[in-house]
Amino acid sequence: MARQEILEYLQGASTTGYEVFGAHFTHEYGQDGVRFTVYAPAAAGMQLIGDCNGWQGWQMERSPEGAWSIFAHDIPEGTKYKYRVTTSAGEVYDRADPFAFYSEVRPDTASVVYDVTRYEWHDGAFLAARDKNFSRPLNIYEMHAGSWKRPDGQGMPSYTALADSLIPYLKAGGYTHVELLPLTEHPFDGSWGYQCTGYFAATSRYGGPRELMQFVDRCHQAGIGVILDFVPLHFVTDFYALHQFDGSFLYESEDEARRFSEWGTALFDYTKPHVLSFMKSALDFWMAYYHIDGVRYDAVSCLIYHGGRPENGVNEAGVWFLKNANYALGQKWPDVMLIAEDSSMYLKVTAPVPYGGLGFDYKWDLGFMNDTFRYLAGGNRRQERISASTEYFYQEKYILPFSHDEVVHCKNTIVNKLPGTLEQRLAQARALYLYFFTHPGKKLNFMGNELAAIREWDEARQLDWDLLDTPGHAQFNRFFCAVSRWYGTEPALYETDLHPEGFCWLHAGGGVFVYERRSLQGEPVVVALNFSGQPCLHLSVRVRDGLWREALSTEDEAFGGAGLTNGEKQVAGGCLTLRLPGYGGCVFKP
């Protein structure tokens, strides 16, 4: 065993623990075979069991540091295996490999020997141009791989079939990236991947690791980045995986009060240096072997505060993990995005670690999402729910998320959060998405939003694609794709996301909002939105003189509107006069 690498892992300094632990093809003692290594310091005994020995067990050798290892010759790829742990109390349990690169398809739980080095990549040009998109468009399609589109509407898709149909769809929709709900191995489909067992194993539901690598490669060759949703907070307590792995609380806390989450899962204990190395290595592994372009950390508020609540106090170990991991990964992968799903008010989430920050590149702006839907839902429409976002916006680097969390658990779909008849809701949804795509910040939408989905998302069913056979939904989808594509062509909408001078209000009142976005070169775009149901037919705003044209209107008949558009306007004296029907919106450019 590589003792120096193990020591580095135990000190919390490793990002490459996967190079030592797990099952690796090697040539030793003049023979080809596989070296199996696992960290289990509290175990009294450890055996390798699997296809290679009829599941009867071969004794493994223990190092002084508590790592167990064995070399087995003539082990083919695809061999199933586990570790048989004898605890200090004499109990015997069979465990999956924490560093397995592949696993059996659930409900089976064995690890599978797999050579992750054997894929030949063809994405060099994409990687050479990759960056964090601070001054470039970032338009993310968030999706659950198993329920986007199913073969014959029933079974799970393969990674290959997904690439065949998804990539053209993403290109047509103007998306720059796809974000996949967790692909780390997990036993229960209903967890959506958020309750993991294998942090180095791509789920076998959709195919093998090389098929996933090919999926990412094909996305890259088409100019589409791939973001992975990741769960660094907690893991399942299923007893074949990490929970009490060697008879001790190896990955979780000895303190029962700090051991479990509100979801019944076990919390990683980041006071233990080897746990820090474990998670840093898992993140690094996906960047190194799957060429992932971004990682979205789930439940960051619970890593910042115990239980995600400020009144419970700062989770110092969790904060240290975030700073340590983000700094190390940022140094090694300076062009990979690190994204926080954080609902807290903690400061400097997206500031660099050397400047006292957590080191993320982006944070989900959940305040924007909540305020926008509260405003549009009706009742007491307080103007500041719309205007407040730009007052705090430049304190962090934000992504605007209309995510999977907003279309499940009786929260209603996007269009069903809005009041009125279906026709009125579709009109409001067009205005909402014009606001969304023109507001400062990068963009994220969950699959189905672009269809104006009526049914809440269900991981056991594919999207309701037949909605596109109905005129209203087809017209809304046409608008959504048009504004999504246009966003990526208009520098004023993405170049100055981090610059306050790139945005200014021109009007706000009575449910009508007008603002200007500017590119780095000062080229303006004027956005006018009427969130009220009453027409506003003589709205005047101050702009520079010259000929202005309406670049996009929610009222275009092709999008389901009534055709009440503005066309071109010659401005003299700095006054642009617009007409906006109820629930209408438009964009003007000089």
To the nearest 0.5 Å, what is the distance between [atom1] ([X]) and [atom2] ([Y])?
X	Y	atom1	atom2	result
R218	D123	CZ	CG	13.5 Å
I339	K132	CD1	NZ	10.0 Å
R455	L463	CZ	CG	7.5 Å
M156	L162	CE	CG	12.0 Å
L283	L338	CG	CG	8.0 Å
I140	I227	CD1	CD1	3.5 Å

Can you give me the closest heavy-atom contact between [X] and [Y], atom names plus distance?
X	Y	result
S69	T37	OG-OG1, 3.0 Å
D405	K411	O-NZ, 2.9 Å
G173	S484	O-OG, 2.6 Å
L183	L228	N-CD1, 3.8 Å
L366	P401	CD2-CG, 3.9 Å
M60	V38	CE-CG1, 4.1 Å

[X] versus [Y]: any side-chain heavy-atom pair under 4.5 Å?
X	Y	answer
D189	R106	yes
L329	K280	no
H144	W457	yes
M447	Y169	no
P157	P151	yes
W465	K149	yes
S204	Y102	yes
R130	M337	no

Does [X] come within less than 4.0 Å of [Y], counting only side-chain N to carboxylate O?
X	Y	answer
E77	R118	yes
D115	R210	no
R258	E252	no

I'd like to know if the side chain of [X] and the backbone of [Y] have a donor-acceptor N/O pair within less than 3.5 Å.
X	Y	answer
R150	G146	yes
Q56	G54	yes
K417	F373	no
T87	G247	no
N53	L48	yes
T16	E19	no
N449	F402	yes
T265	H234	no
R205	H186	yes

Given the rule in the side-chain contact (heavy atoms from CB on, under 4.5 Å) test, do N315 and C302 qualify, once you have shown the distances and angles that lead to the verdict?
-> CA-CA 8 Å; N315 180 356; C302 293; over 6 Å; no
Report the residue from F278, F230, Y18 that forms a ring pair (Phe, Tyr, Trp, His ring centres under 6.0 Å) with F285.
->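 Only one of F278, F230, Y18 forms a ring pair (Phe, Tyr, Trp, His ring centres under 6.0 Å) with F285, namely Y18.
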Flag the pair [X] / [Y] as yes when their ring centroid distance falls below 6.0 Å, and as no otherwise.
X	Y	value
Y119	Y289	no
H274	Y251	yes
Y290	F200	no
F101	H24	yes
W148	Y206	no
Y199	F268	yes
Y297	F360	yes

Could you tell me how the ring of Y83 sits relative to the ring of F36: parallel (under 30°), tilted (30 to 60°) or perpendicular (over 60°)?
->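 The arrangement is perpendicular - the two ring planes meet at more than 60°.
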Is it the case that more than 12 heavy atoms not belonging to [X] sit under 6.0 Å from its [atom1] atom?
X	atom1	result
W320	CH2	no
F25	CZ	yes
K80	NZ	no
H73	NE2	no
E120	CD	no

Just by distance, no angles: are the side chains of [X] and [Y] close enough, under 3.5 Å, to form a donor-acceptor pair?
X	Y	value
S344	D342	yes
N133	Y362	no
E185	T203	yes

Results of ring pair (Phe, Tyr, Trp, His ring centres under 6.0 Å) for F21 - residues two or more places apart only =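 If we apply the ring pair (Phe, Tyr, Trp, His ring centres under 6.0 Å) test to F21, skipping adjacent residues, the hits are Y9, F99.
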Considering residues at least two apart in sequence or located in another chain, which fulfil the ring pair (Phe, Tyr, Trp, His ring centres under 6.0 Å) criterion with H473?
->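 For H473 there are no ring pair (Phe, Tyr, Trp, His ring centres under 6.0 Å) partners, ignoring immediate neighbours.
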Worked check of salt bridge (charged side-chain N to carboxylate O under 4.0 Å, His left out) between K82 and D94 | CA-CA 6 Å; K82 283 189 177 183; D94 294 344; over 6 Å; no
Stepwise side-chain contact (heavy atoms from CB on, under 4.5 Å) test for V236 and H243 | CA-CA 7 Å; V236 296; H243 184 46; over 6 Å; no
Determine the sole option in Q214, H220, Q221 for which the side-chain hydrogen bond (donor to acceptor under 3.5 Å, both in side chains) test with D217 is passed.
->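 By the side-chain hydrogen bond (donor to acceptor under 3.5 Å, both in side chains) criterion, D217 pairs with just one of Q214, H220, Q221: Q221.
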Before giving the answer on side-chain contact (heavy atoms from CB on, under 4.5 Å), spell out for V113 and Y81 the whole-Å C-alpha distance, their side-chain angles and the decisive distance to 0.1 Å.
-> CA-CA 7 Å; V113 174; Y81 72 100; 3.7 Å; yes
Evaluate the side-chain contact (heavy atoms from CB on, under 4.5 Å) criterion for residues Y141 and I224: first the C-alpha distance (whole Å), next the side-chain angles of each, then the deciding distance (0.1 Å), finally the verdict.
-> CA-CA 10 Å; Y141 190 71; I224 296 165; over 6 Å; no
